[in-house]
Amino acid sequence: MADTIYFLIKTEPSAYSIDDLKRDKTTSWGGVRNYQARNVLRSMKKGDTCFVYHSSCDVPAVVGEAIVTKEAYPDPLQFDKQSEYYDAGSPQATPRWSAIELKFVQKYKQPLSLTDMKKIPTLATMRLLQRGNRLSVFPVEMRHALFLQKRTTRDSA
DNA sequence: GCCAACGTTGGC
DNA sequence: GCCAACGTTGGC
């Protein structure tokens with residue numbers, strides 16, 4: 001798929017894991033409260049592939065893949081007073097925050113850990129590995145994406 | 001518009 | 001729990 005665009009999305013498995021996505025099959029991916037990350041969300045197109053990354057856990061790793069099934073729409077959580085993502089300052093007419101819909105694609109049998117990724121020269125320039133990277137959603141370059149897919153396919157074969 | 005203080009992310 | 005790296009806030 002030559003024109004597939006790739007992204008990486010971080011999630012804390014204690015909050016929402018790849019297993020949760022597998023169970024739900026599709027989910028509204030919201031709660032992003034950073035303008036840079038929001039802008040990335042808004043750039044995502046239907047059919048784009050997302051690598052799912054588990055952060056803030058025992059073994060931070062790329063654990064699977066999802067696909068975008070609905071492009072950016074107003075994140076419902078920003079208007080939900082019960083939600084920790086409620087934003088009283090977000091105007092109803094021009095909502096501040098966006099969400100996308102993701103569909104589960106696969107959970108890797110062999111996740112690719114952050115530790116291992118650091119040992120791979122091809123991935124050295126990947127955004128995930130740059131110091132100070134804190135964005136929860138960002139694009140993945142084609143060469144990095146192809147490497148990840150090849151690697152994880154081989155490892156799970 | 002500058003910048004210090006503060007808060008958050010996330011690996012270790 | 002520590003700490004580096006940023007983003008945000010708010011006084012001036």
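Owing to the predicted nature of the structure, the values given are computational and were not obtained by experimental measurement.
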Each nucleotide N or O in nucleotides 2-9 of chain B that has a protein N or O under 3.5 Å away: list the pair and distance.
from	atom 1	to	atom 2	distance (Å)
B/dT8	O2	A/Arg134	NH1	2.5

*Reference residue A/Trp97; test ring pair (Phe, Tyr, Trp, His ring centres under 6.0 Å); the match among A/Tyr85, A/Tyr35, A/Trp29*: A/Tyr35
_Spacing between A/His54 atom NE2 and B/dG10 atom P, to the nearest angstrom_ = 13 Å
_A/Arg96 side-chain N/O to A/Gly89 backbone N/O, donor-acceptor pair under 3.5 Å_ = yes
_Single hit among A/Thr115, A/Leu114, A/Asp116 for side chain to side chain contact (heavy atoms under 4.5 Å, CB included) with A/Lys118_ = A/Leu114
*Which residue pairs pass the salt bridge (charged side-chain N to carboxylate O under 4.0 Å, His left out) test when at least one of the two sits in residues 132-148 of chain A, sequence neighbours left out?*
A/Glu141-A/Arg143
_Between A/Met117 and A/Val62, is there a side-chain heavy-atom distance shorter than 4.5 Å?_
yes
